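Encoded as structure tokens, the structure appears first; notes follow it.
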Number of protein chains: 2
Amino acid sequence: MEYQEAKDKFINTWGSLGSLWGINKAMAQIQALLFISTKPLSMEDIMDELQISRGNTSMNLRQLMDWGIVTKESVPGERKEFFTTEKDVQELARVIAKERSRREIQPVIKILNDVSSIKDDGTEKTKELIKQTKALHDLTETADAMINKLVNQQQNWITKSLMKLIK
Amino acid sequence: MEYQEAKDKFINTWGSLGSLWGINKAMAQIQALLFISTKPLSMEDIMDELQISRGNTSMNLRQLMDWGIVTKESVPGERKEFFTTEKDVQELARVIAKERSRREIQPVIKILNDVSSIKDDGTEKTKELIKQTKALHDLTETADAMINKLVNQQQNWITKSLMKLIK
DNA sequence: ATAAACTTTCAATAATTATTGAAAGTTTAA
DNA sequence: TTAAACTTTCAATAATTATTGAAAGTTTAT
């Protein structure tokens, strides 16, 4: 497998995987492209490489910046803007986990809590609803907490290792 | 909030959350409905409750059975078939984690491994592609392993607790 | 102040994904 | 064996989501 084939394969795989972490194909592909690029890329560069329109590129870059995993960069002497992505996979994982928790998991936890807090009228079906949504609430909360703890532990481990190197 | 409202809220929330664990709305809603039902439901029951077509119900029930979280049940004296879902949230989490790993994460790990194994031609861009996909490969593999370990640990914890009660 | 270089916005359109419903298929009871 | 009861399949259609491209907006250099 040559460079170009490997590159395309990576971008496509990462792109279709986007749905797994809740972002669309173009967004994931742009991130993938930046992730393996050795230098910041301009909008033109991205459009050319991925064969997507200017509007699409602009909108998805914006979203990636909102997520905090892509940053604008100005290159001296150049008028247009260049973009880079977070290159450290651990930090990338940390940001993604945090954002997904905030955007999707927290709201669900809140609703499950609301639903499981309805007043118990004594009927079997109400009891079952309360019991099961409470169980789901607890599970979701625990899973969310564990993911965050886990990702932050990784972070601490990395930080510590870096600290040792710097000292 | 009354029973019906809470029920609808739960089914809708769980339904729209479906995308988070990679299944479609109807599929998630059917699972949610079964999850809070006090007795097995027939296809008619599900169609009526969720206002969806027979075909849709049939196809999504099939998928849920493929996932292993819904099972057919026959009720004596009844011609039609009834369905139930796994009621233990821990076991549900275990099955979902396992299936997602098998269906989505493992194939990605394989491709990342392939891509990161291309021969190093010494150019900077090839070195970067290898380095970054390798990092992503390792992260994905570690995360996948941790999720599985975690879910199984929960399982063990539960099993132990139950054992204590039984003894 | 102007115009070139560049980016954003958003209505229109395309692509994808989900849903329907009726015909075909299967099972069961008599 | 037949026909009623029930389930599955799948082509057609609807709903949703992503993408385009051109007009409007912004920034920068002179």
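Just so it is clear, the structure is predicted and the values come from calculations on it, not from any experiment. Lettering follows sequence order; numbering is per chain, from 1.
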Exercise. A:Glu78: what forms a salt bridge (Lys or Arg N to Asp or Glu O under 4.0 Å) with it, not counting sequence neighbours?
Worked result: none
Problem set entry | A:Asn113 versus A:Glu141, side-chain donor and acceptor atoms under 3.5 Å | no
Exercise. Do B:Thr126 and B:Asp120 meet the criterion of a side-chain donor-acceptor pair at a distance under 3.5 Å?
Worked result: no
Exercise. Will you find, in the side chains of B:Asn60 and B:Asn56, an N or O donor that is under 3.5 Å from an N or O acceptor?
Worked result: yes
Exercise. Side chains of B:Gln31 and B:Trp14: do they bring a donor and an acceptor to under 3.5 Å?
Worked result: yes
Exercise. Should B:Lys127 and B:Glu124 count as an ion pair when the cut-off is N to O under 4.0 Å?
Worked result: no
For this session: Identify, between A:Lys72 and A:Lys25, the residue whose nearest nucleotide on DNA chain C lies closer to the 5' end.
Result: A:Lys72
Problem set entry | Interface residues of residues 47-57 of chain A with DNA chain C (non-hydrogen, below 4.0 angstrom) | A:Arg54, A:Gly55
Problem set entry | C:dT26 - base-pair partner by Watson-Crick or wobble geometry, distances under 3.5 Å | D:dA5
Exercise. Under a criterion of less than 4.0 angstrom to any heavy atom of chain B, what are the 5'-terminal and 3'-terminal contacting nucleotides of DNA chain D?
Worked result: D:dA4 to D:dC10
For this session: Would you tell me whether B:Ser117 and B:Asp114 have side-chain atoms, one donor and one acceptor, within less than 3.5 Å of each other?
Result: no
Problem set entry | Salt bridge A:Arg102-A:Glu99, side-chain N to carboxylate O under 4.0 Å | yes
